[in-house]
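Heads up, the thing below is written out as structure tokens.
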Amino acid sequence: MKLILLGAPGAGKGTVAKILHQIDGSVQISTGDILRGAVRDSTELGKKAEAFMKAGDLVPDDLIMGIMEERLAKPDCEKGFLLDGFPRTIPQAEALDELLPKVGHKLDMAVNLNVPREELLNRLTTRRTCSNPECQAIYNIKSKPPKKEGICDICGSPVIQRDDETEEAISKRLDTYEEKTAPLVDYYKKKGLLLNVTATSSEGVVNTIKERLNQS
Ligand code: AMP
């Protein structure tokens, strides 16, 4: 399947992508994960992106398109891809429209995960992530704590709060989402590619996506 996962930070895009990957091997492509890896490795990209990310601002479109041109041309995308956190602006969506035919792909749909802002704030302030870049398992100190406090159940690495998951940065990220990314919902609706889902549970979202794909 070739999907865009739209939705605010904390809407559950990453979790849904991980479940969908297990169904048919479609690769999860998270620009946030790629950028965090670049910051960690202090690459040129990482140095350019770091300050924007820490402040909860978007990284400039040209840097993001550079990443995506390279990533979508890789052979593993033949199995399908799940775009998680990209596109985030109308110019990125327009650039993606130009890029996809060049790399021989066509989108199945754009899925919008709807979650109220209060719930997003609650989820993000209590979210914790495994610090091991190969693992990145997601926990929640209220609803899904690791079995041993601060330690990943899967790989044993420390479980941490991301730099951009302080209350201030989260609030900024949600405002940025409303201003720059929410207009994409209309963009994909006009193209007839939108599936709007109320994201109460990841399994519910996955079932709705599977039903829609089976219909088409
Ligand atoms: P995420 O993990 O998707 O919430 O992304 C974390 C941060 O990475 C965002 O707050 C942005 O600073 C940056 N980022 C990720 N994806 C994009 C994108 N498509 N365009 C611009 N900035 C991005």
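Counting convention: from 1, in listed order, for ligands and their atoms alike. Side chains included, hydrogens not; waters and symmetry mates left out as well; all remaining heavy atoms used.
Of the polar atoms of G85, at least one N or O is found under 3.5 Å from an N or O of ligand 1, judged by distance alone. Every N/O-N/O distance between D164 and ligand 1 stays at or above 3.5 Å. Where the criterion is an N or O separation shorter than 3.5 Å, residue side chain and backbone included, G56 fails it with respect to ligand 1.
In terms of protein heavy atoms, atom 14 (N) of ligand 1 is closest to L35 CD1, 3.5 Å. Protein heavy atom in closest approach to atom 16 (N) of ligand 1: T31 OG1, 2.8 Å. Closest to atom 12 (O) of ligand 1, if we only count protein heavy atoms, is D57 O, 2.6 Å. Shortest contact from atom 3 (O) of ligand 1 to any protein heavy atom: R88 NH1, 3.1 Å. When only non-hydrogen protein atoms are considered, atom 22 (N) of ligand 1 lies nearest to V59 N, 3.0 Å. Protein heavy atom nearest atom 4 (O) of ligand 1, with residue, atom name and distance: R173 NH2, 3.0 Å. Remark: minimum distance from atom 20 (N) of ligand 1 to any protein heavy atom is reached at Q92 NE2, 2.9 Å.
Remark: D33 engages R36 in a salt bridge, criterion side-chain N to carboxylate O under 4.0 Å. Salt-bridge check for D57 with K180: failed, with every basic side-chain N at 4.0 Å or more from each acidic carboxylate O. For the pair K74 and D76, the salt-bridge criterion is not met [side-chain N within less than 4.0 Å of a carboxylate O].
Across all their heavy atoms, M109 and I209 have their closest contact at CE-CG2, 3.6 Å. Summarising the geometry of T181 relative to R88, their closest heavy-atom pair is OG1-O, 2.7 Å, with the distance given to 0.1 Å.
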Practice item. Under the salt bridge (charged side-chain N to carboxylate O under 4.0 Å, His left out) rule, what do K172 and E168 come out as? Steps first, then yes or no, please. Key: CA-CA 6 Å; K172 179 75 187 292; E168 197 189 345; over 6 Å; no
Review point. After noting the C-alpha distance and the side-chain angles of T43 and D41, does the key distance pass the side-chain hydrogen bond (donor to acceptor under 3.5 Å, both in side chains) rule?
Key: CA-CA 6 Å; T43 64; D41 298 343; over 6 Å; no
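Between the choices M53, R36, E165, the shortest heavy-atom distance to atom 8 (O) of ligand 1 belongs to M53.
Taking hydrophobic clusters as Ile, Leu, Val, Met, Phe, Trp and Tyr residues chained together by side-chain heavy-atom distances below 4.5 Å, Y177 does not share a cluster with V115.
For ligand 1 and I64, the ligand atoms under 4.0 Å from any heavy atom of the residue are 17 (C), 18 (C), 19 (N), 20 (N), 21 (C), 22 (N), 23 (C).
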